[in-house]
Amino acid sequence: MNLSSKYEPKNSEAKIYAQWEKADIFTPKGNGQPFSIVIPPPNITGSLHMGHALNNTCQDVLVRSARMQGRKVVWIPGTDHAGIATQNVVEKMLKKQGKSRHDLGRAEFVKEVWRWQKEYEGKILGQLKKLGCSLDWSRLVFTLDENYERAVLHAFEHYYQKGLIYQGERVINWCARCASSLSDLEVENKEQSGKLYFIKYPLQSQISNLKSQSLSRAKLKDDNLKFKIYNFITVATTRPETMLGDTAVAVNPKDKRYAKLIGAQVILPLTNRKIPIVADGAVDDKFGTGAVKVTPAHSFVDFEISVRHNLAKIKIIDERGRINDRAPEKYQGMKAREAREAVILDLEQAGFLEKVEDYDMVLPLCSRCERVVEPLLSSQWFLKMAELKKPAIEAIKAGKIKFTPKRYEKICLNWLEKSYDWCISRQLWWGHRLPVWQTKVNSKNEKVKIFIGLEKPQGEGWTQSEDVLDTWFSSALWSFATLGWTGERTAETADLREFHPTSVLSTGRDIIFLWVGRMIFSSLEFLGEIPFEKVYIHPTVLNEKGQRMSKSLGTGIDPLVLIDRYGADAVRFGLMYQNTGVQDLKFSESAIVASQKFCNKVWNIARFIGINLETSNSKNQILNRFQKPNPRTQSDKEILVKLAKVKLQVAKDLEKFEFGKVAHLLYDFIWHNLADTYLENSKKQMQDKKLKANTEEILIYLLVESLKMLHPFIPFITEEIWSKLYEEKLVSQPMIADRLIMK
RNA sequence: GCGCGCAUAGCUCAGUGGCAGAGCGUCUGCUUGACGUGCAGAAGGUUGGAGGUCCGAUUCCUCCUGCGCGCACCA
């Protein structure tokens, strides 16, 4: 065995990856027990970051280990069209060229996104290869592939026929910049200092035992009249502009202060509309004044209140975030923020503004563009959750799906238990268009007839809905749509039978609700089985300052730069070495440096053993005698016992996704037990003619066994050494690895 | 507000109911049969604070503090 004095990752990695592909080792082989993972599809918005590198290394470790154990393994690659996120990055790109998507029109814009898709999918897949991921490229999936799209549309149709999908006018999260609805999960809440405005709403009716003078209607009709208010109820709000759409004031039924006012009417300043005071348990009597203005069209809670009390819903902010014609003319066309100032000024001048307090509040922001989310009444499509989530909850509770770390099980469960209907329609151009066709019954009749189907219905005048589906609607089908499920009865594929439920899902904790939970109920609904047996939640990769790695903040590190500098093995091992099961992983490059040194150590151990082997008379005999050698000395005995222990522990820890423990264990064993101790002892032993041959045999045995344990973590360098040991054979080739398992 | 995680060397973090560990950094020596990306060694710690269980706690329990994360209808 001739190993160069120095291992150069750059010279080996691409060559070795090509060898693997040529040997076709990434496709499922043999008749072993199936083991399957589907990759969490990276968004095609950009290139991969350290979180992806970590997650995909974890999966590759599992997949390679399973393959070496002789299991029939598939790891399915794919990418996600990532509707809103991708549309946004392409829009940003266009903006730099001075264009908007409206300049292009829908068809052209979508073409533009497809060009982006081609480019970034290529980049992402290239990165995965550089990292050494042993994905089955013959099974590559994209969420907008024809078959995948069929699966998505069938899923929609299925839910609709079952009565689980409905169209409804409800308050939803609206992003005026993205010009689309958002699900609750796409909204990020951020604390911000703001103001709490106290506004006086004058009482209209006489209350018998209130002495104060009530205001006449005539007076209030005169906008310019400055009058003194003797009798009013004060509400507190952070969003005064929405008062233009108020249709009630609510108080807690138990609040004695307002008990006598319940049922009374107030005059809504600036609009002079008459609105009632209602009693509702949702009102916290300890907050503000204990009286809440109710704006059903622009607040989730207020909407609920309005349903309970049968209140009108006046939408005064439109989809562009501007005041519409339901509000007094003066404010029409203003942005909500401008309207706030105008409203406050007018209220103050008219004497309705009682006071303004500083107030720390939680602002809802669009998770994609950070614009403040405007809740508004909108006609959207929803998926009923009540029935769907039940089997998912049961499956988790019954322990059919096991989370690691265990605590995330409860988190997922809690979300499922309290999740309510999912807004699945988005006003975007990039994504799966709803299979909803509409036609007006006749030219005069405004009634709309709806047809749900994959094909355009017969007859004149049918148009397809402009909306697309929430990107997570399609991701929810990922575990089985990647294995060939299209929703058609005949589409039960061999892959589906063999590899579903998948063995493990490895992902980050930020998408437990968005994705993991939804995959569970989707799989149970469509296949009647769980999507995966185990869920591994890896830590979030932070930079050394503890900040989230983010491209826009410039706090990220590009894995490709590290691979280029230290080699893929060092990056992989460094990540695994730091992956010790904690919530966050403060990424430190020094771990990669240490791993590079570790790889160097492995290389030199192999060189030392190789050099001795070359001078040995019994080289071939040793290499092909796949038996555990017998110890002759105390040192022999110790290292062999230690090896056996380590092998056992590695297997146990991998089963529990203890990647960090395994990396530490391997590091310590290889460096301290094997190199520092045994190799040094072997030098003396080999001077003894009686011990020489046996010691050589033990050295080879140790090397072979170490390479096998290390291979899932550092596949390139171990493969390089292996190929020198066993000429053209691959350690990663299951049959060969199988044959080489020494008893 | 509710829930969860973390706290160990200068930094990043392992680990353990019984003498406190690694990597990086610092210092001293060293071409030893592969490795200077190395070897031998050194300095560096009240294991966040208080209490409890125990013969013994850094480890288990309770509380506190600090940092981080998630959820929530604070208008």
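Naming: A, B, ... by sequence-line order, numbering from 1 per chain.
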Both distances under 3.5 Å, Watson-Crick or G-U wobble: report the partner of [N], or none.
N	answer
B/C73	none
B/U32	none
B/G5	B/C67
B/C19	none

Of the nucleotides [options], which one has an atom closest to the side chain of [X]?
X	options	answer
A/Gln687	B/G33, B/C71, B/U37	B/G33
A/Val582	B/A14, B/G68, B/G33	B/A14
A/Ala675	B/C4, B/A72, B/A34	B/A34
A/Arg407	B/G5, B/U12, B/U37	B/G5
A/Lys410	B/G38, B/C4, B/A34	B/C4
A/Met686	B/C13, B/G33, B/G38	B/G33
A/Tyr420	B/C73, B/C13, B/A34	B/C73
A/Lys597	B/G70, B/U37, B/A34	B/U37

Worksheet item: Are side-chain N/O atoms of A/Arg170 and A/Ser378 paired as donor and acceptor at under 3.5 Å?
Response: no
Worksheet item: Going by atom types alone, do A/Ser595 and A/Lys597 pair a side-chain donor with an acceptor below 3.5 Å?
Response: no
Discussion item. Under 3.5 Å, is there any donor-acceptor pair linking the side chain of A/Gln578 to the base of B/A14?
Written reply: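 Answer no: no donor N or O sits under 3.5 Å from an acceptor.
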Worksheet item: Within the modelled atom types, does a donor on one side and an acceptor on the other bring the side chain of A/Lys6 and the base of B/U37 under 3.5 Å apart?
Response: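 Side chain to base: pair found, below 3.5 Å.
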Worksheet, complete the sentence: Rounded to whole Å, the NE2-C1' distance (A/His664 to B/C24) equals 13 Å
Contact class for [X] (heavy atom, under 4.0 Å): base, sugar-phosphate, or nothing?
X	result
A/Ile512	nothing
A/Phe287	base
A/Asp676	sugar-phosphate
A/Arg509	sugar-phosphate
A/Ala591	nothing

OP1 or OP2 of [N] under 4.0 Å from side-chain N/O of [X]:
X	N	result
A/Lys684	B/U32	no
A/Trp671	B/C39	yes
A/Lys586	B/C13	yes
A/Tyr359	B/A75	yes

Discussion item. Under 6.0 Å from the ring centre and within 45 degrees of the ring axis: does the NZ or CZ of A/Lys200 meet both conditions for the six-membered ring of A/Phe232?
Written reply: yes
Worksheet entry | B/G23 and B/G44, which share atom name C1', separated by this distance in whole Å |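 To the nearest whole Å, 15 Å.
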Worksheet item: So which heavy atom on A/His672 is nearest to which on A/Thr677, and how close?
Response: O-OG1, 2.8 Å
Worksheet item: Does the separation of the ring centres of A/Tyr678 and A/Phe669 fall below 6.0 angstrom?
Response: no
